[in-house]
Amino acid sequence: MSSSTQDLIPQLHLGNTFGALFIGVTFAAILFGLSNIQVFFYFQTHKGTGISFPKLAVAWLWILDALHLFLIVHCIYYYLVAHYADISALTEIVWSFKLQIVIDVIIVYGVHLLYFHRIWIVGKGRSRVLPIAVGVIVTLGSGVAIALIWAVYQCHVFSDLVKIEWATFMALGTITFVDFVIASSLCYLLATSRTGFSSTDSIITKLMAYIINTGCLTSMCSLSAMITCAVMPHNFIFLGVEFLVAKLYVNSFLALLNARNYMQPATETNHSSEVLMRHGVYRPELNVMASQDNEFQGSRKNMFKHPSDDVIHLSRNAMPHQPIEVTVEMNSFSSV
């Protein structure tokens with residue numbers, strides 16, 4: 001045994017190194033189970049809609065999530081089973097550890113791109129300044145991620161990770177900032193989409209609170225990894241926290257896709273609101289409740305529904321000066 005290896009033996013504490021990684025993998029497996037439930041729920045509620053971009057995105061995220069879990073499990077198996085008590089192997093970085101960081105980056109910035117796509121859709125018909133600004137920020141953030149991947153692949157032993165703390169701080173800080181930008185943009189667009197109907201505005205408020213909570217969850221995990229790396233750079237606690245980042249991003253995005261189904265009431269009325277007009281003068285007092293109910297039904301189907309998707313069918317009585325019946329049907333489409 002070389003003298004350099006012997007020097008590492010008293011410094012190696014399995015509890016806060018590979019023990020921390022083992023705990024991180026355990027919680028990552030639990031979060032992967034939650035993402036499985038959400039993927040199953042999503043496909044169950046979208047049966048018969050054919051192949052669409054949201055379905056492909058969900059399937060792709062699930063594949064990457066499963067691959068990430070496989071890599072971190074292999075990493076733990078390599079150190080704690082295949083090379084148990086092999087000090088020289090425990091100090092080296094296995095290939096699966098490096099590759100899981102690549103998959104982690106792809107998941108995080110893939111979710112950021114999907115959120116950007118939602119911002120672009122909900123901003124349709126408005127100024128494109130905000131969506132373009134968000135797109136530029138997300139793109140620049142991917143450059144920081146590439147720098148992190150390059151730095152990790154320059155490391156051969158775990159002690160080298162201390163030398164690339166700058167890349168870790170930049171990557172975690174950047175994704176936290178991007179989370180803040182995305183959550184703020186979505187909340188702004190939703191807040192400016194209020195219709196004046198109490199039921200619809202209530203749904204928008206709930207969605208805004210949900211976006212803020214999920215954004216805070218992922219940001220807190222990233223900040224926790226960054227803080228533990230700064231405070232305890234010589235153990236692996238920050239790596240155990242980092243294992244959870246990708247899982248939280250997948251779950252937060254899937255939960256947002258399923259949010260409209262979570263908020264559906266137990267019973268659903270399938271009827272069109274009828275607005276009566278006499279002599280060309282709108283009289284809201286005749287059917288205000290029906291209009292509000294229809295607005296609620298259309299809004300909860302899709303938080304990003306665009307007004308151009310409303311199909312209006314007019315049926316006019318042949319007799320002059322008779323009431324004109326207007327039937328408004330809100331056609332929903334799958335979440336983008």
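Heavy-atom basis, side chains included; hydrogens, waters and symmetry copies ignored. The structure displayed is predicted, hence computed values, not measured ones.
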- Item | For G240 against L21, the heavy-atom pair lying closest together | N-CD2, 3.9 Å
- Message: Tell me the closest heavy-atom pair linking S224 and V241, and the distance in Å.
- Response: CB-CG1, 4.2 Å
- Query: What do the steps show when you test S159 against T91 for side chain to side chain contact (heavy atoms under 4.5 Å, CB included), and what is the final call?
  - Reply: CA-CA 8 Å; S159 59; T91 58; over 6 Å; no
- Measure from the side-chain N and O atoms of K98 to the backbone N and O of C155, and report whether any donor-acceptor pair falls under 3.5 Å. yes
- Are the side chain of S184 and the backbone of V181 linked by a donor-acceptor contact shorter than 3.5 Å? no
- Candidate pair H112 and Y115, rule ring-ring contact (aromatic ring centres under 6.0 Å, His included), full reasoning: CA-CA 5 Å; H112 282 166; Y115 277 126; 7.4 Å; no
- Check each of I106, L71, V152 against I101 using the side-chain contact (heavy atoms from CB on, under 4.5 Å) test, and report the only one that passes. V152
- Item | Closest heavy-atom pair and its distance - G173, M226 | N-SD, 3.9 Å
- Message: Evaluate D160 against V157 for side chain to side chain contact (heavy atoms under 4.5 Å, CB included), listing each step before the verdict.
- Response: CA-CA 6 Å; D160 292 338; V157 294; 3.5 Å; yes
- Query: Where do T17 and L90 land on the side chain to side chain contact (heavy atoms under 4.5 Å, CB included) test, with the steps shown first?
  - Reply: CA-CA 10 Å; T17 53; L90 294 180; over 6 Å; no
- Say whether, by atom type as modelled, one donor and one acceptor occur between the side chain of Y249 and the main chain of I107 under 3.5 angstrom. no
- Is Q38 reaching over with its side chain to a backbone N or O of N251, donor-acceptor style, under 3.5 angstrom? yes
- Message: Checking ring-ring contact (aromatic ring centres under 6.0 Å, His included) between F18 and each of Y79, Y84, F97, which is the one that passes?
- Response: Y79
- Message: Quick check: closest heavy atoms across S35 and L254, and the distance to 0.1 Å?
- Response: O-CD1, 3.8 Å
- Query: Side chain of K55, backbone of F43: donor and acceptor closer than 3.5 Å?
  - Reply: no
- Looking only at non-hydrogen atoms, find the nearest pair between S185 and V134 and report the distance. OG-CG2, 3.3 Å
- Message: As an exercise, state the distance from CH2 of W95 to CD of Q100, rounded to the nearest 0.5 Å.
- Response: 11.0 Å
- Message: With a 4.5 Å cut-off on side-chain heavy atoms, are V58 and H46 touching?
- Response: no
- Closest contact, heavy atoms only, P131 versus F116: O-CE1, 2.9 Å
- Query: How far apart are the C-alpha atoms of L223 and L172, what are their side-chain angles, what is the distance that settles it, and do they pass the side chain to side chain contact (heavy atoms under 4.5 Å, CB included) test?
  - Reply: CA-CA 7 Å; L223 287 175; L172 294 174; over 6 Å; no
